[in-house]
Amino acid sequence: MGAVPAVTDASFDQDVLKSSKPVLVDYWADWCRPCKQIAPIIEELAAEHGDKITFVKLDTNDNTAVPTQYGIMSIPTLQLFVNGQVATQIVSAKGAILKALDAYL
């Protein structure tokens with residue numbers, strides 16, 4: 001996971017909730033095989049649509065407060081934040097991701 005920047009519990013408020021653009025948060029962990037499978041898709045989408053939507057990742061191993069606050073019960077989970085609010089929660093298939101982001105692209 002290279003081009004998609006990481007956010008933390010400490011930076012989440014500034015990087016996600018106060019962002020002027022929509023932000024897609026990829027909740028992941030290094031032991032999660034499906035997380036690793038969607039990582040290249042998130043990277044690709046960030047490269048293609050990063051001018052309209054900010055893409056970030058949050059490691060749930062090292063950051064537990066935000067996932068708890070937003071009810072993340074399993075990973076991978078993707079949430080799109082718009083104006084500091086969860087606009088949608090997304091199943092991790094590329095088609096579902098693009099469909100959910102379509103209104104913002």
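Predicted model only: the values in this text are computed from it and were never measured.
- Heavy atoms only, all atoms of each residue included: Lys52 and Pro22 are closest at O-CD, 3.5 Å.
- Annotation for Asp51: atom CG counts as buried by contact number, over 12 foreign heavy atoms lying within 6.0 Å.
- Between the side chain of Lys57 and the backbone N or O of Val25 there is no donor-acceptor pair closer than 3.5 Å.
- In this structure, the side chains of Val86 and Leu80 stay at 4.5 Å or more apart for every pair of heavy atoms.
- A heavy-atom distance below 4.5 Å is found between the side chains of Phe55 and His49.
- Clustering ILVMFWY residues whenever any of their side-chain heavy atoms sit less than 4.5 angstrom apart, transitively, puts Val4 in a cluster other than the one holding Ile72.
- Scanning all heavy atoms of the two residues, the minimum distance from Lys21 to Thr54 falls at CE-OG1, 3.0 Å.
- Of the candidates Ser74, Pro67, Cys35, Thr60 forms a side-chain contact (heavy atoms from CB on, under 4.5 Å) with just one, namely Pro67.
- Cluster membership check: Leu24 shares its hydrophobic cluster with Ile38, using side-chain heavy-atom separations under 4.5 Å among Ile, Leu, Val, Met, Phe, Trp and Tyr.
- The side-chain heavy atoms of Asp59 and Tyr27, taken from C-beta on, include no pair separated by under 4.5 Å.
- Phe81 and Leu101 end up in different hydrophobic clusters when Ile, Leu, Val, Met, Phe, Trp and Tyr side chains are linked at under 4.5 Å.
- With 3.5 Å as the limit, one finds no donor-acceptor pair spanning the side chains of Gln79 and Tyr70.
- Of the possible polar contacts, none joining the Lys36 side chain to the Ala29 backbone as a donor-acceptor pair under 3.5 Å is found.
- In this structure, the side chains of Val56 and Asp26 stay at 4.5 Å or more apart for every pair of heavy atoms.
- Linking Ile, Leu, Val, Met, Phe, Trp and Tyr residues whenever their side-chain heavy atoms come within less than 4.5 Å places Val16 and Ile75 in a single cluster.
- For the side chain to side chain donor-acceptor pair (under 3.5 Å) criterion with Ser11, the lone passing option out of Asp9, Asp15, Asp13 is Asp15.
- Note on Val82: it does not cluster hydrophobically with Leu17, by side-chain heavy-atom contacts below 4.5 Å among ILVMFWY residues.
- Side-chain atoms of Gln89 do not come within 3.5 Å of backbone N or O of Thr77 as any donor-acceptor pair.
- Contact of the Leu78 side chain with the Trp28 side chain is not registered, since no non-hydrogen atoms from C-beta on lie closer than 4.5 Å.
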